[in-house]
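Down below is the structure, laid out as structure tokens.
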Amino acid sequence: MSALLHLLPFAPIDAVLVVPGVAAFILALIPQYRLGARVNMLASGLTFLFALTLLVERPDPTVSFLFVDDLNVVFIVLGTFVGFTTSIFSASYIGHEIEIGRLKPGYIRFYHGMYQALSFSMNLGLTANNVGLMWVAVELATLTTVLMVGLYRTQAALEAAWKYFILGSVGIALALFGTILIYMAARPVIGEGHDAMVWTTLIANAAALSPELLNVAFVFLMLGYGTKVGLAPLHAWLPDAHAEGPTPISAVLSGLLLNVALYALLRFKMLLAANPFAVAPGPLLVTLGLVSLIFAGFMLYLRRDIKRLFAYSSIEHMGLIAFAFGMGGPLANFAGLLHMTMHSLTKSAIFFAVGQVAQVKGTQKIADIRGLTESHPTLGWSLVVGVAAIAGLPPMGIFTSEFLLVSSTFAREPLLAIPLVFGLLLAFGALVWRLTGIAFGKPSPSVVDAGRRPSMLPLIVHLVLVLIAGLYLPGPLVAWFQNVARMLG
């Protein structure tokens with residue numbers, strides 16, 4: 001395989017940026033929906049294939065602005081896979097939105113172009129070997145998703161987009177200030193210029209950096225990137241963005257964008273952990289994680305819109321992931337990585353199902369969606385499996401990660417296990433209660449013929465992977481995640 005890679009005109013790490021970057025310009029020129037959808041799928045598939053090659057081909061960070069290690073390759077492979085499967089789902093979903101007149105054909109070039117621009121910006125953020133460039137990439141990802149959230153041009157969609165833009169801008173401004181403080185801490189040790197912002201140089205000299213500046217910087221970085229992660233009380237943009245934007249964007253937000261911001265936080269957490277005099281960042285992550293978990297658990301009982309319901313479920317699970325990485329240690333970090341992977345796969349699958357549910361029922365109101373397992377058996381039971389997985393029921397992969405995290409917490413900090421388990425049970429009860437009405441009972445009227453054949457392949461593939469992970473984790477995957485867990489400290 002290495003020999004084949006050397007025949008490529010550019011390195012694989014460049015390809016995960018070049019392919020979506022070029023595709024974004026090409027798609028902006030293609031007015032036909034079907035052709036645009038195929039090119040979008042092709043570009044996303046190629047990006048995923050190039051991402052897989054990074055498992056065996058690692059660039060030299062001393063000669064590039066980009067780098068790959070065991071940590072970011074987890075995020076890159078997962079993100080490009082979800083981006084590819086979402087592009088397949090998007091083809092049939094957006095096609096139906098055009099058929100019913102909800103989306104104007106003139107917006108299609110913009111939608112597909114922004115989809116690839118989002119892929120480019122997220123991959124850039126994950127591979128950047130410069131903390132300033134990483135900040136630019138996250139800001140670009142924010143702007144592209146803001147534009148896509150307002151795609152329907154309704155009053156509610158534009159309001160959600162503006163809300164996302166304003167709150168996201170505040171968050172990214174805080175993250176910028178934190179990045180500047182990191183540079184100020186590095187300048188006396190590393191010197192002025194580019195080198196003081198290069199990640200590999202920063203981590204190599206972390207022990208000599210000013211702990212006071214690192215401490216203040218992490219507070220701003222936590223608030224700034226925490227807004228993008230969707231941690232409470234910084235979450236206000238997320239439910240509106242999910243509810244009013246196209247469903248493929250909801251899948252991308254939950255499966256990709258939240259993870260990119262989380263990745264940035266983990267990088268800076270590693271920097272503080274490498275400095276013996278800096279404060280431990282773990283307690284802050286643990287606190288925000290528990291607040292998000294319990295807050296979202298209560299809010300799940302009050303939702304009336306099905307996409308908002310699962311938006312709050314994303315807040316709950318990102319809180320759980322933040323808690324895991326805040327606890328730290330080999331087992332908790334392993335659980336956090338596994339949970340992040342399983343959440344991305346499961347939540348995107350749920351949004352695939354929810355998008356189709358909203359189309360066949362003609363509504364997102366939970367009260368008007370009933371008896372799916374009778375009216376649309378394949379779709380209904382797929383949603384049941386997805387919700388069972390995200391609720392943490394065995395034998396799905398999320399059960400494994402939650403079991404590891406609870407076990408680790410009980411062993412190390414038994415008192416913290418109490419609010420952790422309380423939050424998990426709270427969210428579990430809300431999801432099961434909502435699912436009962438949606439999936440079972442007398443079916444509510446449908447506005448789309450039950451004979452319609454939407455694309456179920458991405459949904460089924462995601463759920464099968466989550467089921468397999470709950471039953472068996474391959475040895476190489478376990479070794480990979482264990483190595484990353486050690487890196488995170």
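Along the sequence shown, the residues carry numbers beginning at 1.
For residues 363-386, there are no salt bridge (charged side-chain N to carboxylate O under 4.0 Å, His left out) pairs, not counting sequence neighbours. Evaluation of the side-chain hydrogen bond (donor to acceptor under 3.5 Å, both in side chains) test over residues 135-148, restricted to residues two or more places apart or in two chains, returns Thr142-Lys228, Thr145-Tyr164. For residues 460-469, the set of pairs meeting the side-chain hydrogen bond (donor to acceptor under 3.5 Å, both in side chains) definition, not counting sequence neighbours, comprises Thr85-His462, Ser348-His462. Listed by first and then second residue, the ring-ring contact (aromatic ring centres under 6.0 Å, His included) pairs involving residues 106-125 are Tyr33-His112 (not counting sequence neighbours). Contacts classified as side-chain hydrogen bond (donor to acceptor under 3.5 Å, both in side chains) and involving residues 259-269 (residues at least two apart or in different chains) are given here: Asp69-Arg267, Asn259-Ser344, Tyr263-Arg267. Pairs engaging residues 140-165 under the salt bridge (charged side-chain N to carboxylate O under 4.0 Å, His left out) rule: Lys163-Asp240 [sequence neighbours left out].
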Using distance only, find each side-chain donor-acceptor pair of residues 296-304 under 3.5 Å and give its atom names and separation, not counting sequence neighbours.
from, atom 1, to, atom 2, distance (Å)
Tyr301, OH, Leu426, O, 2.9
Tyr301, OH, Ala430, N, 3.2
Arg303, NE, Met299, O, 3.0
Arg304, NH1, Leu302, O, 3.1

Return a table of donor-acceptor pairs under 3.5 angstrom between the side chains of residues 388-408 and protein atoms on other chains or two or more places apart.
from, atom 1, to, atom 2, distance (Å)
Ser401, OG, His339, ND1, 2.7
Ser401, OG, Ile398, O, 2.9
Ser407, OG, Phe403, O, 2.7

Anything under 3.5 Å between a donor and an acceptor, one on a side chain of residues 165-172, the other on a protein residue two or more places apart or in another chain? List them.
from, atom 1, to, atom 2, distance (Å)
Ser169, OG, Phe165, O, 2.6

Atom pairs and distances, donor-acceptor, side-chain atoms in residues 41-50, under 3.5 Å, two or more places apart:
from, atom 1, to, atom 2, distance (Å)
Ser44, OG, Asn40, O, 2.9
Ser44, OG, Gln116, NE2, 3.1
Thr47, OG1, Ala43, O, 2.8

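Taking the ring-ring contact (aromatic ring centres under 6.0 Å, His included) definition, one finds that Phe84 meets it with nothing, sequence neighbours left out. Not a single salt bridge (Lys or Arg N to Asp or Glu O under 4.0 Å) links Arg34 to another residue, sequence neighbours left out.
Listed here is the closest heavy atom pair of Val478 and Phe334: O-CE1, 3.7 Å.
Taking the six-membered ring for Trp, Trp381 and Phe440 have ring centres closer than 6.0 Å. Aromatic ring centres of Phe268 and Phe218 lie farther apart than the 6.0 Å criterion allows.
Not a single donor-acceptor pair under 3.5 Å links the side chain of Ser292 to the backbone N or O of Ile315. Lys307 places no side-chain N or O within 3.5 Å of a backbone atom of Pro239 that could act as its donor or acceptor partner. Side chain of Thr179 to backbone of Ala175: a donor-acceptor contact under 3.5 angstrom is found. Side-chain atoms of Asn72 come within 3.5 Å of backbone atoms of Leu126 as a donor-acceptor pair (strictly under, hydrogens ignored). Although no hydrogens or angles enter the test, the distance criterion places no donor-acceptor pair under 3.5 Å between the side chain of Trp237 and the main chain of Ala161.
Under a cut-off of 6.0 angstrom, the local environment of CH2 in Trp480 is crowded, with over 12 non-hydrogen atoms contributed by other residues, nucleotides or ligands.
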Review point. What's the verdict on side chain to side chain contact (heavy atoms under 4.5 Å, CB included) for Val260 and Phe75, showing C-alpha distance, side-chain angles and the deciding distance?
Key: CA-CA 8 Å; Val260 175; Phe75 289 81; over 6 Å; no
Exercise for review: Begin with the C-alpha distance, continue with both residues' side-chain angles, and end with the deciding distance and a verdict on side chain to side chain contact (heavy atoms under 4.5 Å, CB included) for Ile30 and Val39.
Suggested key: CA-CA 9 Å; Ile30 300 178; Val39 173; 3.9 Å; yes
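Rounded to the nearest 0.5 Å, atoms CG (Leu379) and CZ (Phe352) are 13.0 Å apart. Atom CZ of Arg102 sits about 9.5 Å away from atom CD1 of Ile94, to the nearest 0.5 Å.
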